[in-house]
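Numbers for residues simply follow the sequence, beginning at 1.
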Amino acid sequence: MASLAAPCFCKVLLPNSNDAANSLFGETKYDINAQKIDAAVFFSSIVKGTPYSVAVHPDVTGEISLDLKQVVLTDVFDLVAELYGYEIE
């Protein structure tokens with residue numbers, strides 16, 4: 001019997017050691033890897049441990065897949081809004 005792999009959501013919230021000094025001069029950068037993640041789960045998970053908050057409307061549906069390296073979270077929000085059509089404020 002074949003097993004179905006669960007969707008993967010990985011987020012590296014701590015900057016790499018060589019990037020720690022860079023966070024003093026700008027926003028912290030993250031590696032984001034999400035493969036077929038429910039949109040509501042994606043939005044609530046991506047802000048954990050960050051200075052950002054999120055409120056997700058109950059009608060939000062869809063799946064998100066991204067593999068991004070060293071991006072600030074505001075760029076992730078902008079990209080997701082553009083690619084998937086979500087309204088992010």
Side-chain angles (χ1 to χ4, degrees):
M1 185 158 134
S3 64
L4 296 174
C8 171
F9 181 78
C10 307
K11 178 176 61 167
V12 179
L13 283 179
L14 296 175
N16 295 333
S17 59
N18 59 352
D19 293 330
N22 292 336
S23 67
L24 296 174
F25 302 105
E27 290 185 69
T28 303
K29 295 182 179 181
Y30 304 93
D31 293 340
I32 307 294
N33 184 352
Q35 302 302 318
K36 295 185 178 184
I37 298 299
D38 176 79
V41 171
F42 175 84
F43 290 118
S44 62
S45 298
I46 199 167
V47 297
K48 287 183 182 174
T50 73
Y52 294 93
S53 300
V54 67
V56 180
H57 191 278
D59 291 340
V60 169
T61 60
E63 292 182 338
I64 295 175
S65 293
L66 299 170
D67 188 5
L68 306 171
K69 306 288 188 234
Q70 294 299 291
V71 292
V72 295
L73 289 183
T74 54
D75 289 346
V76 176
F77 298 140
D78 291 344
L79 180 64
V80 169
E82 184 179 326
L83 287 176
Y84 294 96
Y86 294 110
E87 184 177 331
I88 300 173
E89 298 179 15

For this session: Not counting sequence neighbours, which residues clear side-chain contact (heavy atoms from CB on, under 4.5 Å) with Val71? List them please.
Result: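 Result, side-chain contact (heavy atoms from CB on, under 4.5 Å) vs Val71: Ile32, Leu68, Val76.
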Problem set entry | Residues Ile46, Tyr30; criterion side-chain contact (heavy atoms from CB on, under 4.5 Å); working and verdict | CA-CA 10 Å; Ile46 199 167; Tyr30 304 93; over 6 Å; no
For this session: Write out all pairs satisfying side-chain hydrogen bond (donor to acceptor under 3.5 Å, both in side chains) with one or both partners inside residues 79-89, taking only residues at least two apart or from two chains.
Result: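 Listed once each, the pairs would be none.
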For this session: Using modelled atom types only, decide if a donor and an acceptor are shared between the side chain of Ser45 and the backbone of Phe42 within a distance under 3.5 Å.
Result: no
If you look at every heavy atom in [X] and [Y], which pair is closest and at what distance?
X	Y	answer
Ser44	Val54	CA-CG1, 3.9 Å
Val60	Ala40	CG1-N, 4.4 Å
Ala39	Thr61	CB-O, 3.9 Å

Exercise. By side chain to side chain donor-acceptor pair (under 3.5 Å), which residues pair with Asp67, not counting sequence neighbours?
Worked result: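 Listed in chain order: Lys69.
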Exercise. Between CG of Leu79 and CD1 of Ile88, what distance do you get to the nearest 0.5 Å?
Worked result: 9.5 Å
For this session: Indicate, with yes or no, if Val72 and Ile64 share a hydrophobic cluster defined by side-chain heavy-atom contacts under 4.5 Å among Ile, Leu, Val, Met, Phe, Trp and Tyr.
Result: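 Ile64 does not cluster with Val72.
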Exercise. Does the side chain of Asp31 come within less than 4.5 Å of Gln70's, by heavy atoms?
Worked result: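 Result yes, sub-4.5 Å side-chain heavy-atom pair found.
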For this session: Can you spot which of Val47, Thr50, Thr28 makes a side-chain contact (heavy atoms from CB on, under 4.5 Å) with Leu73?
Result: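 Exactly one pass, corresponding to Thr50.
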